[in-house]
Amino acid sequence: MTMPKRDTYTPDSLLAVAVEVFNERGYDGTSMEHLSQAAGISKSSIYHHVRGKEELLERAVGRALESLFGIFEETGATAGRAVDRLEYVTRRTTDMLVEELPYVTLLLRVRGNTGTERRAMERRREFDQRVAELLKAAVAEGDLRADVEPRLATRLLFGMINSVVEWYRPDGRGSAQAEQVADAVVRLAFDGLRIPPDADS
């Protein structure tokens, strides 16, 4: 039995399909024909929603960036000592990566071949810079060790967080497993970065 074509795609459902295809084939390796086949709709139906595949990319990475930068507006990231805000941002970034896994995966894989990709990479650098500033402030307040350069520590921290996209796959256990990932990231990072309470005794 032949399934009828779906002409009732919403912008959000079409975006979800596009992100899946981009992650599987790479953005450069994806054509509108590939998107049409994956969505089960005609190319003209896709053009009813978007101007082309770069607009889909822009929406996808924009969603990921909006989620990430939104973390800085949350109370845990705006109040308290720098080390506590940094730990909060680290945990929430890991949470967000898991919650928005396909979108953040795509964001981390862009290579700067289009204007949209270059803007996304610049925003990623801005995010990393804000985290580095928090880390630097925590060192200045005496809560984090000063023998690791802040930018290096930030790169190592996000190297660990971002690697999650390469192996984490939801398996039906839901938020409990995602929480374990965030707990592990925070524990591994901050056990190494924090100055022990008795360090000065």
Side-chain angles (χ1 to χ4, degrees), residues 2-74 77 89-131 155 158-172 174-175 177-178 181-182 185:
T2 303
M3 294 296 290
K5 284 196 169 188
R6 291 185 56 180
D7 291 317
T8 56
Y9 260 87
T10 65
D12 283 346
S13 60
L14 177 60
L15 183 62
V17 170
V19 169
E20 184 177 346
V21 178
F22 289 157
N23 282 334
E24 181 181 318
R25 302 185 63 90
Y27 175 72
D28 291 337
T30 299
S31 67
M32 291 299 287
E33 183 64 33
H34 293 133
L35 295 176
S36 170
Q37 290 174 359
I41 59 177
S42 65
K43 284 191 281 187
S44 61
S45 294
I46 296 178
Y47 285 118
H48 175 73
H49 294 289
V50 294
R51 295 184 303 275
K53 73 170 189 172
E54 187 157 1
E55 183 178 337
L56 288 165
L57 177 67
E58 185 175 11
R59 290 184 183 184
V61 296
R63 172 170 164 167
L65 287 163
E66 183 178 343
S67 296
L68 289 170
F69 275 90
I71 294 169
F72 289 117
E73 308 304 319
E74 296 172 6
V89 168
T90 300
R91 178 178 296 279
R92 289 289 293 122
T93 300
T94 308
D95 289 340
M96 193 62 65
L97 188 151
V98 170
E99 290 167 14
E100 299 282 352
L101 186 64
Y103 297 88
V104 179
T105 299
L106 181 60
L107 173 65
L108 295 175
R109 289 180 179 172
V110 297
R111 291 293 176 261
N113 296 327
T114 67
T116 296
E117 291 178 279
R118 288 188 290 274
R119 287 189 294 273
M121 291 176 71
E122 182 59 35
R123 290 284 280 160
R124 273 175 51 191
R125 285 190 289 270
E126 182 184 338
F127 185 88
D128 290 352
Q129 177 61 32
R130 290 186 66 172
V131 174
R155 289 192 182 101
F158 277 99
M160 178 165 57
I161 295 172
N162 294 343
S163 72
V164 173
V165 304
E166 302 303 332
W167 57 264
Y168 178 81
R169 296 294 178 269
D171 64 0
S175 60
Q177 187 184 13
V181 173
V185 167

Let's go through L14 and L35 carefully: what are the C-alpha distance in whole Å and the side-chain angles of both, what is the deciding distance for side chain to side chain contact (heavy atoms under 4.5 Å, CB included) to 0.1 Å, and is it a yes or a no? CA-CA 9 Å; L14 177 60; L35 295 176; 6.0 Å; no
After noting the C-alpha distance and the side-chain angles of L107 and L68, does the key distance pass the side chain to side chain contact (heavy atoms under 4.5 Å, CB included) rule? CA-CA 11 Å; L107 173 65; L68 289 170; 3.9 Å; yes
Salt bridge (charged side-chain N to carboxylate O under 4.0 Å, His left out) pairs touching residues 108-120, sequence neighbours excluded, are R109-E166
Taking all non-hydrogen atoms of both residues, which atom of V19 and which atom of P102 are closest, and how far apart? CG1-O, 3.4 Å
Taking only residues at least two apart or on different chains, which pairs with a member in residues 56-72 satisfy salt bridge (charged side-chain N to carboxylate O under 4.0 Å, His left out)? E55-R59, R63-E100
Evaluate S44 against S42 for side chain to side chain donor-acceptor pair (under 3.5 Å), listing each step before the verdict. CA-CA 5 Å; S44 61; S42 65; 2.9 Å; yes
Partners of F72 by ring-ring contact (aromatic ring centres under 6.0 Å, His included), sequence neighbours excluded? F127
List the steps and the verdict of side chain to side chain contact (heavy atoms under 4.5 Å, CB included) for D128 and R155. CA-CA 8 Å; D128 290 352; R155 289 192 182 101; over 6 Å; no
Does anything in residues 16-35 form a salt bridge (charged side-chain N to carboxylate O under 4.0 Å, His left out)? List the pairs, not counting sequence neighbours. E33-K43
Heavy-atom distance under 4.5 Å between the side chains of T94 and R91, does that happen here? no
Identify the two heavy atoms, one from A60 and one from L106, that lie closest to each other, and give their separation to 0.1 Å. CB-CD2, 3.6 Å
With distance as the sole test, does H49 use its side chain to make a donor-acceptor pair with the main-chain N or O of I46 at under 3.5 Å? no
For Y103, the ring-ring contact (aromatic ring centres under 6.0 Å, His included) test, sequence neighbours excluded, returns none
Locate the shortest heavy-atom distance separating R123 from F69; write the atom from each residue and the value. O-CZ, 3.4 Å
What pair of heavy atoms forms the shortest contact from L56 to A18, and how long is it? CD1-CB, 3.9 Å
Quick check: closest heavy atoms across V89 and A77, and the distance to 0.1 Å? CG2-CB, 3.8 Å
Please evaluate residues H48 and S45 with respect to the criterion side chain to side chain donor-acceptor pair (under 3.5 Å), reporting the C-alpha separation (whole Å), side-chain torsions for both, the decisive distance (0.1 Å), and the verdict. CA-CA 5 Å; H48 175 73; S45 294; over 6 Å; no
Taken to the nearest 0.5 Å, the spacing of T105 OG1 from N23 CG works out to 5.5 Å
Validation row: L108, F158 side chains within 4.5 angstrom (heavy atoms): no
Any non-hydrogen side-chain atom of V131 less than 4.5 Å from a side-chain atom of T90? no
Could you grab the distance from atom CD of Q37 to atom OG of S31, nearest 0.5 Å is fine? 7.0 Å
Taking all non-hydrogen atoms of both residues, which atom of A38 and which atom of V21 are closest, and how far apart? CB-CG2, 3.5 Å
Any side-chain heavy-atom pair from R169 and Q177 closer than 4.5 angstrom? no
Can any side-chain N or O of K53 pair as donor or acceptor with the backbone N or O of Y27 at less than 3.5 Å? yes
Taking only residues two or more places apart in sequence or in another chain, which ones pass side chain to side chain donor-acceptor pair (under 3.5 Å) with E122? R125
Are T93 and M96 close enough, and set up right, to give a side chain to side chain contact (heavy atoms under 4.5 Å, CB included), and what steps lead you there? CA-CA 5 Å; T93 300; M96 193 62 65; 5.7 Å; no
